[in-house]
Amino acid sequence: MIEGKTSTGFAFSIDEKVLDNMELLDAIAESDENLTCISRACVLLLGKTGRRQLYDHLREEDGRVPVKVVSQALVEIFQSCGNKGKN
């Protein structure tokens, strides 16, 4: 299990097996061309409940969840997972 926290304070816990998923890799690769893949990557990485928790954590006062902020959080989560593997 990989646990960490993003710079905004979002705490996550990810089963290492989740990272060994070609569909997750496809969603990440396709996100450059199709932003809807970011949502799919969130579900594949965090599960539906985790995605909802991330969105709620990042939600702005007007109720929006900015795409750029979610993308940045995913990058931090992946970086944290990579760093855990190097230990």
Side-chain angles (χ1 to χ4, degrees):
M1 192 66 66
I2 299 172
E3 296 180 353
K5 191 178 281 194
T6 65
S7 62
T8 63
F10 177 72
F12 61 89
S13 179
I14 299 172
D15 185 333
E16 293 172 9
K17 288 190 252 178
V18 170
L19 298 173
D20 186 22
N21 182 350
M22 197 61 208
E23 290 178 333
L24 175 59
L25 182 61
D26 289 343
I28 294 163
E30 294 168 11
S31 66
D32 283 342
E33 298 171 10
N34 183 353
L35 291 178
T36 62
C37 292
I38 294 171
S39 177
R40 193 168 97 229
C42 281
V43 171
L44 290 169
L45 184 63
L46 303 170
K48 288 183 180 182
T49 300
R51 179 182 64 177
R52 186 177 67 247
Q53 291 169 341
L54 176 64
Y55 287 5
D56 287 345
H57 174 78
L58 298 173
R59 191 171 309 282
E60 295 192 344
E61 288 184 24
D62 64 2
R64 292 178 314 107
V65 181
V67 174
K68 184 176 182 177
V69 177
V70 173
S71 296
Q72 290 170 340
L74 284 177
V75 168
E76 285 187 40
I77 291 169
F78 280 114
Q79 287 174 339
S80 178
C81 290
N83 290 339
K84 302 291 184 196
K86 293 178 183 176
N87 289 339

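FYI, the numbering just counts along the sequence from 1.
- At a threshold of 4.5 Å between side-chain heavy atoms, the hydrophobic network of Ile, Leu, Val, Met, Phe, Trp and Tyr places L35 and I77 in one connected group.
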Pair L54, T6 - check side-chain contact (heavy atoms from CB on, under 4.5 Å), show working.
CA-CA 10 Å; L54 176 64; T6 65; 5.7 Å; no
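- Residues Y55 and V75 fall into different hydrophobic clusters, defined by Ile, Leu, Val, Met, Phe, Trp and Tyr side chains chained together at heavy-atom separations under 4.5 Å.
- In the hydrophobic cluster analysis, where Ile, Leu, Val, Met, Phe, Trp and Tyr join through side-chain heavy atoms closer than 4.5 angstrom, V43 is grouped apart from F78.
- No side-chain donor-acceptor contact under 3.5 Å links E60 to the backbone of P66.
- Rounded to the nearest 0.5 Å, atoms CZ (R59) and CZ (R52) are 10.5 Å apart.
- Looking at D20 and K17, no side-chain N of the basic residue comes within less than 4.0 Å of a carboxylate O on the acidic one, giving no salt bridge.
- Minimum heavy-atom separation, V18 to L44: CG1-O, 3.0 Å.
- The environment of CD in E33 is sparse: at most 12 heavy-atom neighbours from other residues, nucleotides or ligands sit within 6.0 Å.
- Shown here for E76 and S7, the closest heavy-atom pair between the two residues is OE1-N, 2.6 Å.
- Here the closest heavy-atom approach between residue L58 and residue V69 is recorded as CD2-CG1, 3.6 Å.
- Linking Ile, Leu, Val, Met, Phe, Trp and Tyr whenever their side-chain heavy atoms come within less than 4.5 Å puts I28 and L74 in one cluster.
- Across R64 and D62, no two heavy atoms sit closer than the pair NE-OD2, 2.9 Å.
- In this structure, A27 and C37 approach most closely via the heavy-atom pair O-CB, 3.2 Å.
- D26 places none of its side-chain heavy atoms less than 4.5 Å from the side chain of N21.
- Considering CG of L45 and CD1 of I14, their distance stands at 4.0 Å, rounded to 0.5 Å.
- Placement of V65 and I38 within a single hydrophobic cluster is found when ILVMFWY residues are connected by side-chain heavy-atom separations under 4.5 Å, directly or transitively.
- Side-chain contact check for Q53 versus F12: every heavy-atom pair is 4.5 Å or farther apart.
- The heavy-atom pair separating M1 from E16 by the smallest distance is N-OE2, 3.8 Å.
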